[in-house]
Amino acid sequence: MTRRILIFDTTLRDGEQSPGFSMNITEKITLARQLARLGVDIIEAGFPVASEGDFEAVGAIAREVKGPVIAGLARAVSADIDRCWDAVRHAARPRIHTFLATSDIHIAKKFNSTREEILRRAVEAVRHARGLTGDVEFSAEDAFRSDWDYLCRVVEAVIDAGATTVNIPDTVGYAIPSEFGELIRTIRERVPNIDRAVLAVHCHDDLGLGVANSLAAVQNGAGQVECTVNGIGERAGNASLEEIVMALKTRPALFGAVTGIHTEEITRTSRLLASITGIDVQPNKAIVGRNAFAHESGIHQDGVLKDARTYEIMTPESVGLAKAQLVLGKHSGRHAFAKRLEGLGYELSKDQIASAFARFKDLCDKKKEIFDEDLAALVEQEILAVVPEVWSLEYLATSSGTRSIPTATVVLRQGEETRQDSATGDGPVDAAYHAVDRITGVSGTLVSYQIRAVTSGKDALGEASIKVQFAGREYVARAASTDVVESSVRAYLSAINRMLAETARAAGHPPAGPPPAGF
Ligand code: KIV
Ligand code: ZN
């Protein structure tokens, strides 16, 4: 019999809390909507007690994102659980996810407590949560390194207290697949009331075994797998959603299990996350890496041309990686443009379509052939351009060469006013950034800078992805243009606008005037 495995996505909680992956509220909602389109069963939207921002984001996702269960995380204390409930209760299907560590090392060193006391607190927390909602998950943090007899007692007790899902994390990524599978089998065999709850697993990737351990758990009866897009998360990350899902789909006879994931949405979800965070996956990453479906060697290429199944165990189309498609040209109208975006799965407001269409027309003047990837680059700038454009680019001219000093002239607009300045630098991008700094009065430190060609061809759009630090805070920004100096400057302005918007929001006024002192 084929079992349905629930996919619990924690990209917005376990993923987001790792360094470099933080997202603002609009980005979280955008990603949560895409996770719903992907078909995840549960979205863990955040840890509401952690900060006011987390609380607001979880509340907004609960209100706005339809389809999946919306979960929030809470430590096993009443105040955390109440705060979590205040955020998730707006969802059609809310879940409180409470956790407490059960390993001896955590009990002794973190809590200076005893097994009996921890068991009592776990039961009390679950009872409290069940008083608020019918959907309560309990996680025994560091379960794999816990004493298995004790762990079984905790699992039995929290199910009796009302937990509807019990999660067994390998919090520190210590297990190997045969052992982890054995733990899941042991719990299923020894806990008498186990059938009254969904048995979940949550594996970290410290030894690179998060996915393998999750799959071993499925083979031994786990009914829910917790994972993240692109495998992001604490330290080496969490088990990667796309790898687990495609393993189950590619080997149905072996697992006898299916998920509700619309696998054709995988690539788009992975890229959206990379766009938002400015962190790409490595080229050889399974399923979503740039090379995951590329065949380089002659022998492989020959085999694939004869029959793709010689070297492909799944089709690129099955993960939403369509062959580069020529889509629209300079004679295409706004209606055809909007229809194509709809076909690609983007939901844009009228204003966003108008602005993306104007950029599309500009692009048609510079580039002969427009592909789906070009549209995606344009549209993602629209979706993620959620801050007011305090500064926008009016004009850019650079000169550089092997024997000349790179120089840039930049004209920026701020409302009705334009301002111009010129500067020199190590190269045209550096020169243009100096000119922008002089005009805006803001100076950021460039932490990372990448350029990638959106499609193949000499006239491809070049997408600049940058991370800039202003006063100790990092801002991620991207922009695309056929001129890489222009995309670099637009990305830099976008980072400046983000910083100004955030500073203004913190001060409680709209971002209009020049930057505050100290930037
Ligand atoms: O890794 C872990 O144990 C966790 C729990 C809070 C589920 O993230
Ligand atoms: Zn975790």
Side-chain angles (χ1 to χ4, degrees), residues 6-19 21-22 40-51 54 58 69-77 80-81 83-84 87-88 95-107 109-111 118 121-122 125-126 129 135-146 150-151 154-155 158 163-175 180 183-184 187 197-211 213-214 217 222-241 244:
L6 299 173
I7 298 294
F8 176 114
D9 180 276
T10 183
T11 308
L12 290 166
R13 198 278 298 169
D14 221 345
E16 202 261 351
Q17 75 190 32
S18 56
F21 286 95
S22 65
V40 307
D41 298 286
I42 302 113
I43 294 176
E44 184 163 54
F47 191 4
V49 83
S51 69
D54 245 41
V58 176
V69 169
I70 306 297
L73 186 69
R75 287 171 301 184
V77 288
D80 273 36
I81 293 171
R83 186 80 173 144
C84 177
V88 295
R95 172 178 296 186
I96 295 174
H97 176 194
T98 185
F99 73 103
L100 190 58
T102 52
S103 65
D104 286 338
I105 181 150
H106 281 232
I107 293 174
K109 303 291 174 191
K110 264 170 52 178
F111 302 124
I118 291 295
R121 279 169 57 179
V126 170
D135 188 344
V136 173
E137 172 166 339
F138 175 80
S139 283
E141 194 191 6
D142 206 18
F144 181 73
R145 292 194 302 168
S146 304
Y150 172 64
L151 180 63
V154 173
V155 172
V158 293
T164 43
T165 300
V166 181
N167 181 29
I168 308 299
D170 180 16
T171 301
V172 290
Y174 184 67
F180 198 65
L183 172 58
I184 299 307
I187 292 172
V198 173
L199 184 54
V201 291
H202 174 118
C203 298
H204 279 268
D205 209 30
D206 298 65
L207 292 174
L209 294 169
V211 170
N213 288 333
S214 307
Q224 174 179 301
V225 176
E226 306 198 352
C227 45
T228 58
V229 176
N230 295 347
I232 71 169
E234 281 283 354
R235 306 180 307 279
N238 287 62
S240 128
L241 179 149
I244 292 170

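Each ligand, and each atom within it, is numbered from 1 in the order the structure gives.
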Rounding to 0.5 Å, atoms OG1 (Thr11) and CD1 (Ile232) come to a distance of 5.5 Å

Rounded to the nearest 0.5 angstrom, the CD1-CG distance for Ile42 and Asp9 is 9.5 Å

- Query: Does an N or O from Asp14, backbone or side chain, lie closer than 3.5 Å to an N or O of ligand 1?
  - Reply: yes

Q.
Considering both backbone and side-chain atoms of His202, is one of its nitrogen or oxygen atoms within less than 3.5 Å of a nitrogen or oxygen in ligand 1?
A. yes

If we number the atoms of ligand 1 from 1 as shown, the ones under 4.0 Å from a heavy atom of Phe99 are 6 (C)

A student checking ligand 1 against Glu141 at a 4.0 Å heavy-atom cut-off should list atoms 3 (O)

Nearest protein heavy atom to [atom], by residue and atom, and its distance?
atom                   : result
atom 8 (O) of ligand 1 : Arg13 NH2, 3.0 Å
atom 7 (C) of ligand 1 : Ser139 OG, 3.6 Å
atom 3 (O) of ligand 1 : Thr171 OG1, 2.6 Å

Q.
Taking OH in Tyr150 as the centre, count heavy atoms belonging to other residues, nucleotides or ligands within less than 6.0 Å. Is the count above 12?
A. yes

Nearest heavy-atom approach of Ile81 to Ala125 is CD1-O, 3.6 Å

Of all N, O or S atoms in His202, the one closest to the Zn ion (ligand 2) is NE2

Per residue Asp14, nearest N, O or S atom to the Zn ion (ligand 2) is named OD2

Counting heavy atoms under 4.0 Å, the part of His204 that contacts ligand 1 is side chain

So Phe180 and Phe144, would you call those rings parallel, tilted or perpendicular, with 30° and 60° as cut-offs?
-> tilted

In Glu226, Glu44, Glu234, the residue satisfying salt bridge (Lys or Arg N to Asp or Glu O under 4.0 Å) with Arg13 is Glu44

_Less than 6.0 angstrom from the centroid, inside 45 degrees of the normal: does Arg121 satisfy that with respect to the ring of Phe111?_
yes

